[in-house]
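Working notes for the structure below.
What you see is a predicted model; the values in this text were computed from it and never measured. Proteins get letters first, then strands, A, B, ... in listed order; numbering begins at 1 in each.
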There are 2 protein chains.
Amino acid sequence: MPRLETLCQERGVKLTKPCRTVLGVIERARDHPCAQEIHRRVQEERPISLGTIYRVLNRLAAAGILTRHAFNGSRMRFEAPSHRHHHLVDVRTGQIVEIDDGEFMLLIEQTVERLGYRLIDFKVEVTAERVTPAERP
Amino acid sequence: MPRLETLCQERGVKLTKPCRTVLGVIERARDHPCAQEIHRRVQEERPISLGTIYRVLNRLAAAGILTRHAFNGSRMRFEAPSHRHHHLVDVRTGQIVEIDDGEFMLLIEQTVERLGYRLIDFKVEVTAERVTPAERP
DNA sequence: GTATATGCAAAAGCTTTGCGGGTTC
DNA sequence: GAACCCGCAAAGCTTTTGCATATAC
């Protein structure tokens with residue numbers, strides 16, 4: 001059984017057809033699709049209403065099986081959490097590149113503790129532009 | 001003249017009454033108000049329509065005089081950019097605490113360059129909970 | 001004086017929700 | 001069999017926009 005479906009069972013999320021179909025789309029996704037894009041991809045397999053897509057996505061996010069993002073405050077986007085990572089938005093193309101956690105974690109944890117808080121989660125969101133080969137040193 | 005009004009002149013943004021009033025609210029704000037909250041505060045001084053509030057805020061953000069945020073994908077929030085800083089959302093209270101840039105900049109710049117990009121901007125958004133005095137070592 | 005901003009109200013997204021019938025465990 | 005989920009369609013929210021008028025430079 002696919003990894004995310006197992007998670008659903010463990011956490012008591014019912015494995016309905018819409019749920020399975022959405023999970024399939026998410027597992028195959030190489031990007032960070034929004035609800036409407038997920039709806040579009042789901043239609044290729046089975047007709048499921050947009051309202052249900054939203055309900056399924058919210059259920060999965062509430063169970064911690066998916067993660068919600070909102071880059072630059074645009075519409076919600078979803079992905080399966082793998083290792084902790086962050087996002088770079090390319091201003092020229094709008095493409096979203098993943099950045100590994102690397103050493104951010106330690107630095108942020110220290111800073112947060114200094115302020116008297118305990119770190120629960122964090123996101124780094126970078127805006128950048130690709131350096132073309134000609135510009136490279 | 002207030003600091004932000006000077007910036008408007010320099011960047012060719014017309015100093016209309018709605019614009020001045022919004023800038024006043026932002027300069028006095030100790031928090032990160034959303035458009036509707038700004039509208040509410042503006043009403044205490046002068047009747048200005050919500051549509052105009054949005055247009056003014058977008059104009060100011062486009063000119064780089066204000067910064068837009070959308071914490072956890074909720075509605076847009078605005079603030080005057082001072083020094084570069086980031087945000088910690090307290091899960092218990094919803095309060096937003098500012099975090100100084102500190103050493104984030106250097107680390108992120110290096111990481112982004114390694115991926116072949118030039119850093120334009122970045123945000124760090126932390127979720128955390130306050131450590132109560134009793135829990136402190 | 002001219003280009004641009006505002007007010008008003010309507011519209012345009014995105015997301016949620018109420019209800020009756022269907023599905024999962 | 002009980003609880004929960006789905007489809008549909010309507011409503012809710014935030015944000016944008018068209019048009020006639022008013023305002024800043």
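Here B/Ile48 lies in heavy-atom contact (under 4.0 Å) with sugar-phosphate atoms only. Here B/Arg59 lies in heavy-atom contact (under 4.0 Å) with sugar-phosphate atoms only.
B/Asn58 has a side-chain polar atom (N or O) that falls below the 4.0 Å cut-off from OP1 or OP2 of D/dT16. Contact annotation: B/Tyr54 side-chain N/O to D/dT16 OP1/OP2 distance is not under 4.0 Å. Distances shorter than 4.0 Å separate none of the side-chain N or O atoms of A/Thr52 from OP1 or OP2 on D/dC6.
Each of B/Arg40, B/Arg20, B/Lys17, B/Arg28 was evaluated against B/Glu45; a single residue qualifies, B/Arg28, per the salt bridge (charged side-chain N to carboxylate O under 4.0 Å, His left out) test.
Between the C1' atom of C/dT16 and the CG atom of A/Leu57 lies a distance of 13 Å, rounded to the nearest Å. One interatomic measurement links the two molecules: CZ of A/Arg55 to P of C/dT23, which rounds to 16 Å at whole-angstrom precision. Computed from coordinates, the B/Ile53 CD1 to D/dT16 P distance equals 13 Å when rounded to whole Å. Following rounding to the nearest Å, B/Arg68 (CZ) and D/dT14 (C1') show an atom-to-atom distance of 12 Å. In this entry the distance linking CG of B/Leu60 with P of C/dA5 reads 11 Å, nearest Å. Atom CD of A/Gln36 is separated from atom P of C/dT16 by 11 Å (rounded to the nearest Å). When rounded to the nearest whole Å, the span between CD1 of A/Ile38 and C1' of C/dC14 equals 14 Å. Between the NE2 atom of B/His39 and the C1' atom of C/dG7 there is a distance of 11 Å, given to the nearest Å.
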Can you pull every protein N or O that's under 3.5 Å from an N or O on nucleotides 23-25 of chain D?
residue: D/dC25; atom: OP1; partner: B/Leu15; partner atom: N; Å: 3.0

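Between A/Val97 and B/Tyr117, some side-chain heavy-atom pair lies under the 4.5 Å cut-off. A/Thr127 places none of its side-chain heavy atoms less than 4.5 Å from the side chain of B/Phe122. Put simply, the side chain of A/Val126 reaches to within 4.5 Å of the side chain of A/Ile99, judged on heavy atoms.
Here the nucleotide nearest the side chain of B/Leu50, chosen from C/dT17, D/dT15, C/dT6, is D/dT15.
To the nearest 0.5 Å, the span separating SG on B/Cys34 from CG on B/Leu57 amounts to 10.0 Å. To the nearest 0.5 angstrom, B/Arg41 atom CZ is 13.0 Å from B/Gln43 atom CD.
Side chain of A/His39 to main chain of A/Ile48: a donor-acceptor pair is present (N/O by atom type, distance under 3.5 Å, no hydrogens or angles).
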